[in-house]
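Contents: one structure, followed by commentary.
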Amino acid sequence: MELKERLAHLAKTGDVPVFAVVGSGHRSPVRRLRLSDGINLVASPRHAAVLLVAGTLTEAATETVSRVHDQMAGPRVTVGWNHPEPSIVPLAENVVGGVPDVTAAIRQQFANVLTGTIPGEPPLLPNVDPVEWRGVGPYGHGGAGMTGGNPYGRPLPLRAPARDTLELDQLPITIGPWFAGFPPGLALRVLLQGDVVQGLEVDSTRFVSDGPGGVFERALREPTLIRDLEMDRARHHLEWMADALLICGVDRLALRADRLASTIEAGDVQRVDRLIASVRRSLLRPMTMRGVGVLPPDVDLTGLGPVARAAGVAEDARAAEDGYDDLGFTPVTHTAGDAWARFSQRAQETTQAIDLAGRAGNRLAFGSGAVEAPDGLHRAEGSRPADRFVAMLEVVLNGEEWGDLVTTIQSFDIDMESVSAPKDVP
Amino acid sequence: MTALGILVQVMALLVVGAYIFVVADRLMVGTETGVRAALVYPVRRLSFLLLQPVTTTERPDFEAWILAPSLLFGLAAVGAVPIPLDAPSAGGDIPAGLVLFGAAMLIVLVAVYIFGWAPNSALPMIGGYRFAAMVLSVGIPFSLVVLTTAIPAESLSVGMIVEAQSNLWFVIEQPLGLPIYLVTAAAIAFWGPFDLPEGSDLAGGIAAEASGPRLATWRFARAALMVTLALMGQAVFLGGYLGPVLPGWLWTVIKTLILLVILASAGRTLARMRVQRFVWFGWVILLPLALVDVFLSGWIAL
C-alpha cells in the first residue's frame with residue numbers, strides 16, 4: 001500500500017496524459033492546451049488517465065464517447081470543458097473558462113484519482129462482445145468445416161479480388177470520430193487490405209454540433225477590420241501546421257508552431273519564416289508529403305481556398321475587396337496540388353496574412369455575402385467547403401496507403417462543425 | 001569474464017543507457033522547462049505506468065502480447081553481449097560476436113510484429129505490417145555494413161574489430177558505413193523518422209492498445225534496443241574503447257552517448273518517412289550504397 005502511495009505521489013507531479021474529445025468551438029482551445037505545462041494530449045485512450053470532453057457534442061456522440069471512456073485503462077476521470085448541461089457522459093467536474101482554468105482542473109482531478117481521493121470511474125457500457133461469440137474454442141476454430149466453419153466465431157474476412165496475383169483478406173474497420181489523425185467528428189468506414197484502403201464510406205452521423213462561428217462568419221454579415229481577419233487566418237493556419245507536423249512526427253516543430261500561433265503579432269513575418277525554414281530542413285516534403293493527396297483533374301476546385309490555390313487556381317475572394325486592393329494583395333499560388341503544396345501554400349498565406357495585418361491599419365473588409373475563410377470561400381447562403389471535402393473523400397482516398405490517407409485528410413483542413421446536417425437524421 | 005559479470009555489465013549498460021536516452025529525447029522535444037524536469041521525467045512516467053492496470057482487448061493473443069516486450073528486451077540484451085567495454089575480452093568475447101548481434105537485431109522483426117498482432121486490433125496490426133515491410137527493406141544493408149567492418153579486422157569478434165581500428169577508425173576508412181548503419185539502426189529500432197509502426201498517424205500503432213506495465217516494459221525494451229545499437233555502432237565504427245588519456249570504458253560510454261544523442265535528435269527533428277518511400281529508399285538507395293561499401297572495403301583490404 002505504501003509503495004502505491006509513493007508511486008501516486010511521484011506520478012501526480014508528472015505530465016497528465018489526456019485524451020480530448022473535441023466538440024464545437026473547441027478545436028483551437030484544445031490545440032492551445034498542448035502548450036500547457038504538464039498536459040500531454042495522447043492519441044490513444046489506452047494511454048490516457050483523463051478524458052476531456054470539450055465543447056458541445058450531439059446526442060449521437062454519447063455512445064462513441066462512452067466507448068472511448070471505457071477504453072481508458074484507469075484510474076480514470078472525466079473532465080468537461082464548457083460542456084453544456086446535461087452532459088452526455090458523467091463528469092467529475094465541468095470547467096467553464098479558459099485554458100489556465102481547465103489545466104488546473106485536469107491536474108487536480110488527476111492527482112485526486114491517483115491518490116484515491118476520488119475513486120476511478122466505473123465503465124459506462126456493459127462489457128460484452130460487439131457480436132455474439134458462437135465459436136468453439138478460444139479462437140472459434142473448433143467447429144466443423146473450413147476454418148472452424150460452423151458454428152463460427154466471427155464472420156470470415158472478406159475476399160478481395162486478386163491484386164498482384166495475390167488474393168488477400170479484407171478487413172472492414174470503423175475509424176473515428178475521435179481519431180487523433182482526423183478532424184474531430186469525422187468517422188470513416190474503411191475496407192483495408194493490409195494497410196491499403198480498398199473501400200471507404202464517410203459516416204454521415206453528426207457528432208459535433210454546429211460551430212459558434214468566428215470572425216469570418218461575422219464578416220459575412222458586417223464590415224470587419226482586415227487586421228482581425230488576417231490575424232485570425234494566420235493563427236488558424238499556424239495551428240493547422242502544428243497538427244500537420246504532429247501527424248508527421250515532428251513534435252518539436254509542432255510545438256514551435258503552436259507557440260507561434262499563441263504569440264504572433266501583426267507584421268512579425270520573420271518568426272514564421274524561420275519556422276518554415278526549419279520545416280524544410282525536417283525533410284517534410286521529400287519524406288512525407290510530396291506527391292500525396294493529388295486530386296483527380298475532374299474535381300471542381302472553385303471555392304476550396306488554399307487547396308484550390310495549391311493546385312494553381314488563383315481564386316481568392318479577397319482580391320475583389322477594395323481594402324485588400326489598397327494593400328496590393330495578390331493571391332499566392334502553387335502548382336503541384338499535393339499535400340506539400342497545400343502546406344507550403346498555407347505557410348505562405350500565413351506570412352502574407354501577418355504582413356497584411358501589419359499594414360492594414362483601420363481598413364475594413366465588407367464581405368458582401370462572400371468571405372475568404374482559411375478553409376475556403378464562405379457564402380452567406382449555401383454550404384461550406386467542409387461539405388465538399390467530405391463528399392470527395394470517398395473518391396480521392398480509395399487505393400491510398402493508410403499513412404497517405406491521414407496526410408491527405410489533414411491537408412484539406414476539414415471543419416466538421418460546419419458540415420451540413422445529414423439527410424438521414426430527422 | 002564470467003557469465004554473471006557479463007550479465008551485470010549488460011544490464012547496467014542497458015538500464016543506465018535507456019534512462020539517459022529517454023532524458024535526451026525529452027530534452028529534444030522541448031516541452032520541459034529545464035534539465036531537472038527532464039531528469040525526473042522517466043521516474044514520474046514509470047510511476048504512472050506502474051499504477052495503470054494492463055488493459056485488454058476483445059480476444060487478444062495473450063501469450064504473444066506478454067511475450068513481445070520481454071522478447072524485445074531479450075534481443076537487445078543478447079545483441080549487447082559481444083560488445084567489449086574496455087578491452088577485447090571485456091564482454092562476451094564471442095568469436096562470431098558480430099553474427100550474434102546481427103541475428104538478434106533481425107529477430108526484432110518478430111517481437112515487433114507479434115506486439116502488433118497480439119491485441120487483435122486494426123491499428124496495431126497495420127503497425128506490424130509496416131514493420132515487416134521495413135525490416136525486409138533494410139535488413140540486408142544493415143547486415144552488410146556491420147559485416148563489412150569484419151573484412152579489415154579479419155575477424156567476426158567485436159573485440160578484434162575494435163583492435164583493428166587502432167590506426168584509423170572505420171568511420172573514416174569505411175565512410176559509407178556509419179551513415180548507413182545509423183539510418184538502418186533507427187529503422188530497426190522503429191525510431192525517429194522511421195517510427196512507422198508506432199506512428200502518430202496510427203495513434204501509436206503497435207503500442208496503441210497497450211497500457212500500464214506492459215507499455216512501460218515495451219518502451220524500456222525499445223530504449224534498451226537503441227542503446228545496444230549505439231553501443232555496436234561506436235564499437236565497429238568509432239573505435240570503441242580506443243582513445244587517449246581517459247580510461248577505455250569512459251570512451252565507450254562517451255561515444256555511445258554521442259550516437260544516442262544523434263539518434264534522439266534525428267527522431268524529433270525529421271519528418272516520418274512514408275512507408276512506400278521507405279521501401280524504395282531501402283532497396284534503391286541503401287542496398288546499392290551498402291554494396292559499394294562492401295566492394296570498396298574489400299578492395300582496400302586486398
Side-chain angles (χ1 to χ4, degrees), chain A residues 4 6-15 17 37 40 42-44 46-47 49 71-75 114 129-130 133 138-139 153 171 173 175 179-181 192 194-195 245-253 255-256 278-279 281-289 292 401-404 406-407, chain B residues 28-33 37 40-41 43-55 57-59 61-62 119 121-123 125-127 129-130 133 192-193 195-196 198-205 207-212 215 265 267-278 281:
Chain A
K4 213 174 164 188
R6 274 166 187 270
L7 288 176
H9 180 72
L10 272 168
K12 74 178 186 190
T13 52
D15 283 1
D37 213 22
N40 179 21
V42 293
S44 165
R46 302 274 186 205
H47 303 167
Q71 281 179 34
M72 292 166 57
L114 280 186
D129 289 346
W133 182 259
Y139 301 103
L171 183 68
I173 58 167
I175 296 278
F179 175 59
L192 283 176
D195 65 345
L245 291 164
L246 271 181
I247 289 175
C248 299
V250 215
D251 303 18
R252 194 186 166 85
L253 296 180
L255 194 67
R256 263 176 70 184
S278 300
V279 170
R281 283 196 296 275
S282 78
L283 307 182
L284 188 64
R285 174 174 182 263
M287 300 264 251
T288 315
M289 290 190 162
V292 174
E401 195 270 338
W402 179 261
D404 293 350
V406 175
T407 309
Chain B
M28 291 299 162
V29 183
T31 40
E32 294 293 343
T33 40
V40 291
Y41 168 75
V43 182
R44 287 170 168 168
R45 179 90 182 116
L46 181 65
S47 307
F48 171 69
L49 287 177
L50 289 178
L51 284 172
Q52 220 188 12
V54 171
T55 47
T57 53
E58 194 204 356
R59 292 179 200 280
D61 189 337
F62 270 118
S121 169
L123 295 179
M125 187 72 243
I126 298 178
Y129 287 149
R130 281 180 170 184
D195 62 344
L196 288 156
E198 284 200 346
S200 38
D201 56 345
L202 289 178
E209 299 280 7
S211 65
L215 185 62
S265 79
R268 294 300 179 183
T269 47
L270 294 177
R272 183 180 316 109
M273 202 179 241
R274 299 167 59 207
V275 68
Q276 288 101 323
R277 189 160 325 275
F278 183 85
F281 181 64

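Per chain, numbering begins at 1; letters A, B, ... match sequence-line order. Only this structure's heavy atoms are used, side chains among them; waters, hydrogens and symmetry mates stay out.
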In terms of heavy-atom pairs under 4.5 Å, which option from [options] contacts chain B the most?
options	result
A:Thr407, A:Val42, A:Asp251	A:Asp251
A:Ala180, A:Gly181, A:Gly403	A:Gly403
A:Leu284, A:Val406, A:Leu10, A:Leu246	A:Leu10

Structural part of [X] lying under 4.5 Å from a heavy atom of chain B:
X	value
A:Asp404	side chain
A:Leu192	side chain
A:Arg281	backbone
A:Ile173	side chain
A:Pro286	backbone

>> What I want to find out is whether A:Asp15 reaches B:Arg44 closely enough, with some N-O distance under 4.0 Å, to be called a salt bridge.
In response: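 Between B:Arg44 and A:Asp15 there is no salt bridge, as every charged N stays at least 4.0 Å from the carboxylate O atoms.
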> Should B:Val40 and A:Thr13 be marked as a side chain to side chain contact (heavy atoms under 4.5 Å, CB included) after you check the CA-CA gap, both sets of side-chain angles, and the distance that decides it?
Replying inline: CA-CA 10 Å; B:Val40 291; A:Thr13 52; over 6 Å; no
Work out which heavy atom in [X] is nearest to a heavy atom in [Y]; give both atom names and the distance.
X	Y	answer
B:Ala271	A:Thr288	CB-OG1, 3.6 Å
A:Ser44	B:Ala203	CB-O, 3.5 Å
A:Trp402	B:Leu202	CD1-CD2, 3.3 Å
B:Thr269	A:Ser282	O-CB, 3.0 Å
B:Ser200	A:Cys248	OG-N, 4.4 Å
B:Leu51	A:Ala11	CD1-CB, 4.1 Å

> Side chain, backbone, both or neither: which part of B:Ala133 has a heavy atom under 4.5 Å from chain A?
Replying inline: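 Neither the backbone nor the side chain of B:Ala133 comes within 4.5 Å of chain A.
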> Which answer fits B:Leu270, side chain, backbone, both or neither, if we ask what part of it has an atom under 4.5 Å from a heavy atom of chain A?
Replying inline: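 Contact with chain A is through both the backbone and side chain of B:Leu270.
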> About how many Å separate CG of A:Leu114 and CD of B:Gln52, when rounded to the nearest 0.5 Å?
Replying inline: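 Atom-to-atom, B:Gln52:CD and A:Leu114:CG are 9.5 Å apart.
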>> How long is the straight-line distance from CE of A:Met287 back to CZ of B:Phe278, given to the nearest 0.5 Å?
In response: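 Going from the CZ atom of B:Phe278 to the CE atom of A:Met287 covers 9.5 Å.
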> Can you name the residues that form a salt bridge (charged side-chain N to carboxylate O under 4.0 Å, His left out) with B:Asp201, not counting sequence neighbours?
Replying inline: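 For B:Asp201, the residues satisfying salt bridge (charged side-chain N to carboxylate O under 4.0 Å, His left out) (neighbours in sequence not counted) are B:Arg130, B:Arg272.
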>> Between B:Arg268 and A:Val250, is there a side-chain heavy-atom distance shorter than 4.5 Å?
In response: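 Not in contact.
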> Should A:Glu401 and B:Gln276 count as side-chain neighbours, where that means a heavy-atom distance under 4.5 Å?
Replying inline: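 Side-chain contact under 4.5 Å: yes.
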